[in-house]
Structure formats: C-alpha cells, structure tokens
2 protein chains.
Amino acid sequence: MLMDTLTRDRDMDIALSNEAPHSSVVPSGEGRFVDDYLLYLMARASHAVSAEFHTTLRRAGVQVPVWRVLASLSGSTTGETVTGLAEACLLQQPTMTKLLDRMVRDGLVKRMPDARDRRVVRIAMTPRGEATVRELLVSAKAHEAELLSRFPDIGAHRLKELLRSMAARPARGRRREAA
Amino acid sequence: MLMDTLTRDRDMDIALSNEAPHSSVVPSGEGRFVDDYLLYLMARASHAVSAEFHTTLRRAGVQVPVWRVLASLSGSTTGETVTGLAEACLLQQPTMTKLLDRMVRDGLVKRMPDARDRRVVRIAMTPRGEATVRELLVSAKAHEAELLSRFPDIGAHRLKELLRSMAARPARGRRREAA
DNA sequence: TCATGACACATGAATCTTCATGAGCTAACT
DNA sequence: AGTTAGCTCATGAAGATTCATGTGTCATGA
C-alpha cells in the first residue's frame with residue numbers, strides 16, 4: 001500500500017544521477033512472472049503515482065498517513081470514527097489510534113464523543129488541520145489532473161468506476177472451521 | 001448500470017454513520033474528496049485485490065513481503081541484487097537487507113557473491129524457497145484468472161499496459177523501455 | 001598510484017506498525 | 001433484569017521499517 005505506503009525519491013531536487021547503471025530489475029531475457037501479474041502491476045502503478053505526490057507531501061512536512069487521514073476527513077462535518085478512518089486509510093485500527101495520538105499532539109485533529117454511542121470516538125479536524133489539508137487538496141487535484149492528462153485516451157470516469165468495483169469486496173468471509 | 005449511485009457501494013461496511021438519516025439522497029457531486037481521487041482509488045483497489053490473495057498467503061504461513069521477494073526471484077537463474085529486489089518489491093534497501101536476513105534464516109534464500117562485482121550480493125532461492133514459491137504461483141495465477149473473470153468487459157492486456165505505463169516514472173528517474 | 005566520487009550492502013537508533021488483548025458500551029434474547 | 005455476544009477504541013510488547021550512516025568496492029582521471 002500498500003498500499004501502499006511508501007516514499008521513494010531520494011532524488012527529488014538534485015537527482016537524475018542514476019541512468020540505470022545496473023539492471024535495476026530485469027534479469028534475463030524471459031519476462032518475470034511479476035511483470036505480467038495484475039496484482040503486482042496495480043501495486044506498482046499505485047506506488048509510482050503516489051510517490052509523485054509524496055514529494056509534495058515531503059516538502060510540506062506532512063507524512064503520508066497523516067495526509068490520508070486529513071484527506072479522508074475533508075468534507076466531513078460530523079467527524080469520522082477511528083475504525084472508519086482506519087478502513088479508509090487502509091490501516092489497522094490500533095495503527096490508526098496511535099497515528100491519531102500523534103495528530104492530536106500536533107494539533108491537526110481532535111477527539112470528540114459521539115452523541116449516540118459512547119463507544120465511538122469521533123475525529124474532527126482542528127482549524128490547523130483544515131488549513132493544512134486545504135493547501136494539499138489543491139496540489140492533489142492539480143497532480144491528478146496532470147496525471148490524467150498523460151493518458152488522454154483513457155476515460156477517467158470509466159477507469160475510476162473499474163477501480164471502485166475492484167475495491168468492493170466480493171466475499172468478506174470469516175469462515176469458521178466447520179469441519 | 002447503476003453507476004453513480006453505485007459510487008457508494010464501496011462504502012465498505014463501515015458506515016460513516018454521519019450519513020444523516022434524513023438526507024437519504026446525497027447529491028452525487030458531494031461525496032468525500034477521496035472517493036473520486038484517482039490515487040486513492042488505485043491504492044484502495046490494489047489493497048483490496050491483494051488482500052484477497054493475502055488470505056492464501058496466511059494459510060501458507062508466508063508473509064506478504066516474503067512472497068513478493070520469492071515471486072520476484074522466480075524465474076531468475078542468476079539471482080537478483082538486494083537493491084534490485086528492493087526496487088521490485090517497493091521497499092527501501094535497508095528494509096530488504098533485513099527481510100533477506102530473515103529469509104536466509106528461514107532457509108528460503110541464500111546470499112551469493114557476484115562474479116564480476118564484489119560489492120554486489122546475489123540473492124537466489126534455496127530448494128525450499130523454490131518449493132514454496134511454486135505452490136504459491138499456482139494459487140496466484142488462479143486468483144488472477146478468477147479476478148479477471150469478474151470483469152469480463154475489460155481487456156486484461158490493455159489494463160496491464162496502462163498500469164505498466166503508469167508505473168514508468170515520468171520525470172526524473174528515466175528508465176529504459178523493455179520489450 | 002592515488003584521489004575522488006559513485007555505488008552496493010549492512011547496521012543501529014528511532015519510529016512506526018501489528019498482534020493479542022483489555023476495558024467499556026450496546027443490543028438482543030431469555 | 002441478567003446474560004451473552006459483538007462492537008469500539010486503547011494499550012503494551014514484539015516486530016518491521018526507515019533514516020542516517022558506515023564499510024568496502026569500483027571507475028575515472030590527475
């Protein structure tokens with residue numbers, strides 16, 4: 001995430017030095033399994049395009065998971081739950097709890113009680129969080145537009161629909177061992 | 001098909017319960033930012049389909065990064081370099097070094113000297129590693145086929161081409177094109 | 001030959017993530 | 001009610017990843 005999940009670009013500003021001296025990958029003539037494996041290609045593409053934006057995040061001094069939380073919160077008036085955020089950000093719930101600890105410490109979000117269910121903690125942005133995300137959203141939208149412009153012949157809407165349907169889980173099965 | 005209203009079928013089962021009960025119909029332009037953000041949709045789709053396969057990995061007692069290394073090694077006769085594997089597996093080089101430590105400890109791979117360059121460590125699978133990956137490859141191919149069969153109207157080849165071109169770095173880190 | 005710079009991999013401290021579990025709360029059934 | 005099951009979030013120990021370096025190797029050119 002993988003999702004996801006990563007910062008590359010040690011060659012942000014200066015860069016260009018490495019003109020593929022060794023084979024970065026590419027072993028022998030025959031293609032590797034992974035080079036035609038859909039799951040790998042998706043992870044790789046996602047990683048690559050995300051890495052482009054992560055450069056912007058670095059410059060803003062915002063960590064990737066922090067950005068994901070802020071982006072997920074943007075537009076929410078009532079706040080999101082911890083578990084909901086974890087799911088949205090592709091993280092485990094305890095990871096999110098601790099990430100939120102840090103974000104609270106940094107003044108980006110605050111915890112609030114839920115009106116109906118006292119188990120639930122609602123996470124809302126502070127003004128500082130809102131200010132941070134506002135700027136980043138501009139960059140994110142610009143980057144997305146630029147990215148899409150690189151692939152003029154694909155329909156963005158159609159692609160997004162496909163991705164959404166792939167993300168919809170088919171059989172979220174907890175199979176208890178029946179045998 | 002159901003299209004725009006389906007935009008929220010991915011709404012997981014998490015339910016941002018802030019969906020006010022009275023406004024049951026939301027103007028479709030007013031979803032969360034992330035729900036129409038390409039980078040997020042890619043990460044989410046990648047995460048979801050990978051998670052399906054991770055179930056198989058768990059059953060086999062193989063960690064995700066271990067699988068990635070084995071899959072990347074499969075088919076390589078000369079072995080891969082540590083840096084090459086890190087790149088292939090979307091990890092940092094120190095992470096790969098330590099992951100390989102564990103895999104060596106578990107008898108899945110071995111480190112070998114490079115014939116021409118003594119800086120380089122070549123990673124090759126042990127028989128045990130090969131046996132492990134052989135079984136997993138069968139499952140992976142089956143899963144991929146099943147996954148693709150869920151989306152009959154998309155051309156797999158075309159999709160993969162798109163993903164490959166997205167993964168190719170645009171700006172700085174130019175990379176050779178391979179057949 | 002000796003600098004110099006780039007490269008490949010390893011290492012340790014700090015950080016982040018995960019696993020397993022705990023405590024509090026809600027709902028449903030008896 | 002009382003019981004039970006399931007849910008939400010937090011926590012601590014264990015594990016994994018990253019950042020910043022360190023060590024050794026290679027290549028180039030003075």
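Only this structure's heavy atoms are used, side chains among them; waters, hydrogens and symmetry mates stay out. Within every chain, numbering begins at 1; the chains are lettered A, B, ... in the order of the sequence lines, protein sequences first and strands thereafter.
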[N] OP1/OP2 closer than 4.0 Å to side-chain N/O of [X]:
X: B/Thr83; N: C/dA8; value: no
X: A/Gln63; N: D/dT18; value: no
X: B/Thr95; N: D/dT18; value: yes
X: A/Arg116; N: D/dC7; value: no
X: B/Thr97; N: C/dC9; value: no
X: A/Arg111; N: D/dA10; value: yes

- request: Indicate yes or no for a side-chain donor-acceptor contact from A/Lys160 to the backbone of B/Leu41 under 3.5 Å, with no hydrogens or angles considered.
  value: no
Go through the N and O atoms of the side chain of [X] and the base of [N], and report whether any donor-acceptor pair is under 3.5 Å.
X: B/Arg119; N: C/dC7; value: yes
X: B/Lys98; N: D/dG15; value: no
X: B/Gln93; N: C/dA8; value: no

Expressed as a whole number of angstroms, how long is the span from [X]:[atom1] to [N]:[atom2]?
X: B/Arg102; N: C/dT11; atom1: CZ; atom2: C1'; answer: 14 Å
X: B/Arg122; N: C/dC9; atom1: CZ; atom2: C1'; answer: 13 Å
X: A/Asp117; N: D/dT8; atom1: CG; atom2: P; answer: 8 Å
X: B/Glu87; N: C/dC7; atom1: CD; atom2: P; answer: 14 Å
X: B/Leu99; N: C/dT11; atom1: CG; atom2: P; answer: 15 Å
X: A/Leu91; N: D/dC9; atom1: CG; atom2: C1'; answer: 15 Å
X: B/Asp114; N: D/dT25; atom1: CG; atom2: P; answer: 14 Å

Per nearest nucleotide of DNA chain C, the residue lying toward the 5' end, A/Pro94 or B/Asp101, is B/Asp101
Value for CZ (B/Phe53) from CG (A/Leu39), rounded to nearest 0.5 Å, stands at 8.0 Å
[X] has a side chain; which of [options] sits nearest to it?
X: A/Gln92; options: D/dA10, D/dA20, C/dT18; result: C/dT18
X: B/Val120; options: C/dT26, D/dA10, C/dC9; result: C/dC9
X: B/Arg118; options: D/dC26, D/dC9, C/dC9; result: D/dC26

Open item on the list: Measuring only between side-chain heavy atoms, which start at C-beta, is A/Leu159 closer than 4.5 Å to B/Met42?
Closed with: no
**Asked** Can you say whether the rings of B/Tyr37 and A/Trp67 are parallel (under 30°), tilted (30 to 60°) or perpendicular (over 60°)?
**Response** perpendicular
| said: Counting only heavy atoms from other residues, nucleotides and ligands, does the tally under 6.0 Å from CZ of B/Arg58 exceed 12? | reply: no
